[in-house]
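Input: a single structure, listed below in structure tokens.
Order of the sequence lines fixes the chain letters, A, B, ..., with proteins taken first and strands second; residue numbering starts at 1 for each chain.
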Amino acid sequence: MDYEQAMGMGNDTVVRRVRHFDLEQTLDCGQCFRWRKNADGSYSGVALGRELTVGQRGGDLIFHDTAPGDFRRLWRPYFDLDRDYGAVKRALCSDSVMRRAVDFCPGMRVARQEPWEALCTFIISQNNNIPRIKGIVQRLCEGFGRLLPGGGFAFPGPERLAGLQPQDLADIRSGFRARYILDAVRLVHAGELELDTLYTLELARARESLMRVKGVGPKVAECALLYGLGRAECFPVDVWIARALEQLYPGGFPAAFAPVAGIAQQYLFHYIRHHPGDSGNSKE
DNA sequence: AGCCAGGGTCTGC
DNA sequence: GCAGACCATGGC
């Protein structure tokens with residue numbers, strides 16, 4: 001476990017001595033689209049149907065208006081705090097390229113988002129850029145999500161999106177992805193795609209299931225599995241990762257990293273986006 | 001102004 | 001099986 005202690009402090013929960021965790025590196029690395037940075041450096045967002053503001057001071061995390069029980073039940077798994085990132089990073093750092101990527105964002109963690117939200121947001125992500133993805137997701141939630149006590153909006157589930165017309169999704173400027181979202185809604189709402197079974201289903205079959213949705217190809221399926229279903233071995237290849245592989249791993253990505261390839265991918269994604277010219281010939 | 005974006009589908013060889 | 005046009009939209 002990557003923290004020492006979680007204790008209530010008034011209405012908040014303080015998590016002491018959290019290791020391998022940085023809010024910005026985790027919440028602004030292109031894996032989730034609903035968090036915003038506040039003026040004081042904390043982050044606010046909606047996940048798991050809840051509003052949360054979480055700050056970081058020294059080695060501690062402060063979960064505002066959160067009971068310790070809710071931290072343990074909701075946010076500890078969400079932020080993947082039960083995984084030993086020290087061990088993951090040590091393994092990855094045996095490779096010089098991965099060491100550079102990990103050193104660039106040593107506090108990045110792969111969040112465990114809800115399956116439907118991950119599937120839906122990564123359908124929206126296709127041939128799109130991150131700022132605009134965030135905008136579309138925000139309008140989707142404001143338009144169709146449940147209003148929460150703090151004024152935020154939950155991510156709308158398939159039951160809330162069932163019955164929408166393509167025009168409704170054109171209105172939030174989702175472009176050609178509107179019918180893809182609706183096809184995912186249809187399959188999930190009809191019970192023809194049971195996302196909860198994909199946590200443990202054999203990977204090849206899980207991929208096939210997801211790719212029955214129109215607009216879901218290998219990359220989006222891989223994202224849904226990695227970010228939404230906790231399948232750390234999944235390895236989404238977008239244009240950035242394709243470039244990184246081309247520039248940094250002409251001989252192929254190390255097979256030894258397979259069990260945590262998705263986490264490696266996330267370090268690499270964040271690194272290459274901030275070092276677009278890196279061709280791998282660093283002297284360090 | 002134009003290229004590009006956490007891609008996928010469809011068509012034509 | 002594989003290349004290429006096409007898809008909406010807007011960030012930069």
Side-chain angles (χ1 to χ4, degrees), chain A residues 24-37 101 104-105 108-140 142-143 155 164-187 193 207-249 253 261-278:
Chain A
E24 181 164 19
Q25 290 169 18
T26 296
L27 296 177
D28 197 18
C29 70
Q31 60 174 324
C32 41
F33 305 100
R34 298 212 61 200
W35 297 92
R36 65 173 193 278
K37 192 178 194 174
F104 175 67
C105 48
M108 194 280 308
R109 306 179 75 91
V110 175
R112 293 173 174 266
Q113 304 182 58
E114 291 184 299
W116 169 252
E117 178 172 340
L119 173 60
C120 211
T121 57
F122 280 95
I123 287 174
I124 292 169
S125 80
Q126 69 161 315
N127 197 36
N128 211 340
N129 56 65
I130 291 174
R132 202 168 86 89
I133 296 165
K134 289 180 176 175
I136 294 170
V137 170
Q138 183 60 28
R139 290 188 289 278
L140 180 70
E142 286 175 355
F155 194 91
L164 291 190
Q165 301 302 313
Q167 185 58 46
D168 298 315
L169 293 178
D171 290 343
I172 63 171
R173 286 167 281 163
S174 57
F176 61 83
R177 308 157 192 87
R179 61 194 185 98
Y180 299 159
I181 298 169
L182 289 181
D183 197 55
V185 168
R186 180 182 63 82
L187 284 175
L193 174 58
R207 288 191 182 100
E208 288 171 17
S209 300
L210 287 164
M211 288 172 59
R212 289 186 321 200
V213 179
K214 204 172 297 287
V216 175
K219 194 273 178 181
V220 172
E222 217 67 358
C223 285
L225 288 166
L226 174 62
Y227 303 117
L229 291 151
R231 308 294 292 257
E233 64 273 47
C234 289
F235 191 89
V237 178
D238 73 317
V239 296
W240 292 96
I241 290 294
R243 280 199 287 265
L245 293 178
E246 196 176 322
Q247 295 170 16
L248 304 174
Y249 290 103
F253 193 71
I263 301 175
Q265 175 271 154
Q266 196 61 33
Y267 289 118
L268 203 53
F269 177 78
H270 197 52
Y271 177 79
I272 201 69
R273 273 178 34 99
H274 291 265
H275 303 82
D278 195 321

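Remark: A:Arg186 pairs with A:Asp183 by the side chain to side chain donor-acceptor pair (under 3.5 Å) rule, at least two apart or across chains. Listed by chain and number, the residues in a ring pair (Phe, Tyr, Trp, His ring centres under 6.0 Å) with A:Phe122 are A:Phe33, A:Tyr227 (sequence neighbours excluded). Evaluation of the side chain to side chain donor-acceptor pair (under 3.5 Å) rule for A:Glu24 yields A:Lys37 as partners, not counting sequence neighbours. The ring pair (Phe, Tyr, Trp, His ring centres under 6.0 Å) check on A:Tyr249 picks up A:Phe253, with sequence neighbours excluded. For A:Gln167, the side chain to side chain donor-acceptor pair (under 3.5 Å) test picks out A:Asp171, with sequence neighbours left out. The side chain to side chain donor-acceptor pair (under 3.5 Å) check on A:Arg207 picks up A:Glu222, with sequence neighbours excluded.
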Under-3.5 Å N/O pairs linking protein and nucleotides 2-4 of chain C:
none

Please write out each protein N/O paired with an N/O of nucleotides 10-12 of chain C under 3.5 Å, distance rounded to 0.1 Å.
{"unit_1": "C:dG10", "atom_1": "OP1", "unit_2": "A:Arg173", "atom_2": "NH1", "d": "3.0"}
{"unit_1": "C:dG10", "atom_1": "N2", "unit_2": "A:Asn129", "atom_2": "ND2", "d": "3.4"}

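Residues from residues 209-228 of chain A lying near DNA chain C, meaning a heavy-atom separation below 4.0 Å, are absent. DNA chain C is contacted by no residue of residues 109-117 of chain A, taking any non-hydrogen atom closer than 4.0 Å.
The separation of B:dC4 from C:dG4, taken at their P atoms, amounts to 16 Å, rounded to a whole angstrom.
First and last contacts of DNA chain B with chain A, using any nucleotide atom under 4.0 Å from a protein heavy atom and ordered 5' to 3', fall at B:dA5 to B:dT9.
Evaluation of the side-chain hydrogen bond (donor to acceptor under 3.5 Å, both in side chains) test over residues 112-122 of chain A, restricted to residues two or more places apart or in two chains, returns A:Asp80-A:Arg112.
When heavy atoms are screened at a 4.0 angstrom cut-off, A:Cys32 is found touching no nucleic acid atom at all. Residue A:Arg273 is classed as a sugar-phosphate contact, given heavy-atom separations below 4.0 Å to backbone atoms only. Using a 4.0 Å heavy-atom cutoff across all strands shown, A:Arg243 reaches sugar-phosphate atoms only and no base atom.
When rounded to the nearest whole Å, the span between CG of A:Asn127 and C1' of C:dA8 equals 9 Å.
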